[in-house]
Amino acid sequence: MLTVTGTATITGATVNVGIDGASSPLQAGDAVTLIDAGTLVGLPANTTANGQGMQGVTLLYDFDITTNGNQLLATVSSTGVTPRVKALSEGYLAGTAFLNQGADFVADQGIAAARQARPGTGGGIAGFAAVGSGSLKHETGSHIDVDGYTFIAGAAFSRAFPASELIFGAFIEHGEGDYNTANSFPNAASVHGKGDADYTGGGLLARLEFNETERGHFSTEASARLGKLTLDFNARDLIDALGRRAAYDSDSRYASAHAGLGYVLKLNARSSLKLYGQYLWSRQGSDTVTLTTGEPVKFSAVDSQRTRLGARWSRAVRENGNLYLGAAWEHEYDGKAKARLHGYRLETPKLKGDTGILEAGFLLAPAQDKGFVLELGVQGYTGKREGATGNLRLHYAF
C-alpha cells in the first residue's frame, strides 16, 4: 500500500482497512503489505495488534497487524458477512409483499367485478375496472412498510348451463408503490432502507356459479397472472469506505394464481352469509444485481403460499344497494427471500405467519343488469400484516 525509502515511524498509528466491494474477497491467511520501509520503527514491532476491515458494505475481516522485518502486514484471521446486509434481502422481499396485495385484489375485487359486470340474462360481454390502494406493515423478523395502489381493467363474458353459469374474464393490471424497511441487530447498528416498486401484467379469471336452491348455492373460482416487476432499493445506513451508499435496481418476472370455493347461505329474503376458502400462490423471479458499492448479490426466487378462510355477511339496502361485513383468517406458509453474496448466504427475512382481516363495504347498482355499478370497500389487517386497504370498483355492462 505504501513504500517508504527511508525510515517509517508507526508509533501511535491507527490502521483502518477498507476494500472496494467489486474486488475478489480475501481468504483467511491472506496478507496485505501495508508499509514497505527502508527502516520501520515503533510499535507494533515484534508485537501483534488486531483490527477489522470491511469490503464494500458486506464482508467483514479480522486482521492481525504484525511486522516482518521492515514491513507492516495485515493478515486475515477470519472472514464473514456483516448481519446488517439482511437489509438487502428485505428490500427484495418488499416486491413480493406488494405483488401479494395485487393478488388479493384480483382474487377479491377482480372476480367480483367480472361477476357483477356480466349481463343478467346470460351471455354477452361487459367491461369492468377497479382500483385499490393501501398501507400495510409486514413483519419479517424486522418489518417492511408498503404503500401503493393497484389498477385492473378487463372484459367479462358469461355462459349459462342447465345447472350453473360460467363467468370468464381477461384483464390487464398495473401497480405502483413505495416502501420502507427497518432492521435492528443486537451487536450492530440498525439499517433503514427505502425504495419504489411497480408491476405491469395481465391475466385470466373465472368463476363457476351453481344455480340457487332454497338454502343457497355453491361457487368455485380461479385466477392467474403474469407480468414484470421493477424495484429499486437504497440504504442510507450502509456506506462503504469511499462514502458510497449501498443501492441496487432489480427487474424480475412474476406469476401468481389462486383458487377458491364458496357457499352462499340464505338467511332471509334480504340477508345472506358467504363461507369461503382460498389458496393463493405467487412467485417473484430471481435476479442478480450489483450494488453501487460493487458487490454482486444473487437473489433467489421468492415463493408465497397462503390459505384464507373467511365469512362475509351481506344485506340488501333499499332497492339497488348492498351492504357487507366480513372477517377472515390468513396463513402464509413461505415467503422467504434467500440471497447469496461472494459465496456467503445472507440472513433470510420471511413473510410466514398469520393475519386476521376485517372488511366492510357498500355496493350500488343504479340500473338492473345494465349501466354503471359502483362499490366502495375497506379492509383492516392485524397480525403478520398490519394496516388497511381500500378499493373502488366500477363496471359497465352493455
Side-chain angles (χ1 to χ4, degrees), residues 1-91 183-193 233-249 288-299 339-347:
M1 300 295 293
L2 178 65
T3 298
V4 180
T5 58
T7 300
T9 301
I10 58 173
T11 299
T14 299
V15 178
N16 293 314
V17 180
I19 304 172
D20 185 79
S23 301
S24 298
L26 299 176
Q27 306 297 324
D30 289 345
V32 178
T33 302
L34 301 178
I35 299 176
D36 188 356
T39 302
L40 186 68
V41 296
L43 294 174
N46 302 316
T47 65
T48 300
N50 302 108
Q52 280 197 327
M54 177 76 74
Q55 179 166 335
V57 296
T58 57
L59 295 184
L60 276 175
Y61 297 105
D62 288 320
F63 289 96
D64 292 332
I65 311 299
T66 60
T67 58
N68 181 19
N70 290 311
Q71 291 183 327
L72 180 66
L73 304 179
T75 303
V76 179
S77 58
S78 65
T79 66
V81 177
T82 172
R84 302 177 79 219
V85 295
K86 180 186 177 185
L88 303 176
S89 299
E90 208 86 44
N183 294 86
S184 298
F185 308 96
N187 299 312
S190 61
V191 178
H192 294 82
F233 172 80
N234 72 84
R236 67 183 187 219
D237 300 312
L238 292 178
I239 301 175
D240 70 1
L242 299 178
R244 298 177 298 187
R245 178 184 295 181
Y248 64 81
D249 296 318
T288 299
V289 304
T290 300
L291 302 183
T292 51
T293 51
E295 299 97 312
V297 183
K298 183 176 181 180
F299 294 108
R340 298 187 73 87
L341 166 74
H342 286 312
Y344 294 93
R345 180 175 293 178
L346 306 190
E347 187 176 349

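These figures come from a predicted structure and were not determined experimentally. Here, residue 1 is the first one in the sequence, and each next residue gets the next number.
A donor-acceptor pair under 3.5 Å is formed between the side chain of Thr292 and the backbone N or O of Ala247. No donor-acceptor pair closer than 3.5 Å links the side chain of Thr293 to the backbone N or O of Ala246. With hydrogens and angles ignored, the 3.5 Å screen pairs no side-chain donor or acceptor of Asp36 with any backbone N or O of Thr3. A distance-only check finds a donor-acceptor pair linking the side chain of Glu295 to the backbone of Val57 [under 3.5 Å]. Formation of a donor-acceptor pair under 3.5 Å by the Asp62 side chain with backbone atoms of Ser77 is not found in this model. When atom types are taken as modelled, the side chain of Asn70 and the backbone of Gly38 share a donor-acceptor pair closer than 3.5 angstrom. The main-chain N or O of Leu59 is never found under 3.5 Å from a side-chain atom of Tyr344 such that the two would form a donor-acceptor pair. Using modelled atom types, no side-chain atom of Arg236 and backbone atom of Arg245 make a donor-acceptor pair closer than 3.5 Å.
Once rounded to the nearest 0.5 Å, the distance linking CD1 of Ile19 with CE of Met54 reads 10.5 Å. Atom OG of residue Ser184 and atom CZ of residue Arg84 lie 11.0 Å apart, to the nearest 0.5 angstrom. Put simply, CZ on Arg340 and CG on Leu346 are 9.0 Å apart, with the number rounded to the nearest 0.5 Å. With rounding to the nearest 0.5 angstrom, the OG1 atom of Thr82 is 10.5 Å from the CD atom of Glu347. For the atom pair His192 NE2 and Glu90 CD, the distance stands at 11.5 Å (nearest 0.5 Å). The line from CG of Leu34 to CD1 of Ile10 is 9.5 Å long, rounded to the nearest 0.5 Å.
The side-chain heavy atoms of Leu238 and Leu88, taken from C-beta on, include a pair separated by under 4.5 Å. Asn68 is not listed as a side-chain neighbour of Thr66, based on a closest heavy-atom distance of 4.5 Å or more. Contact of the Thr58 side chain with the Leu291 side chain is registered, since non-hydrogen atoms from C-beta on lie closer than 4.5 Å. Annotation: side chain of Ile65 is in contact with side chain of Leu72 (closest heavy-atom distance under 4.5 Å). Contact check for His342 versus Pro296: side-chain heavy atoms found under the 4.5 Å cut-off.
The ring pair (Phe, Tyr, Trp, His ring centres under 6.0 Å) pairs that include a residue from residues 58-87 are Tyr61-Phe63, where partners are two or more places apart or lie in different chains.
The shortest heavy-atom contact between Ala339 and Val297 is CB-CG1, 4.3 Å. Closest heavy-atom contact between Ala8 and Ile35: CB-CG2, 4.2 Å. Between Asp249 and Val289, the closest heavy-atom pair is O-CG1, 3.4 Å. Here the closest heavy-atom approach between residue Val191 and residue Phe185 is recorded as CG2-CE1, 3.9 Å. For the residue pair Asp240 and Gly56, the shortest heavy atom distance occurs at CB-O, 3.5 Å.
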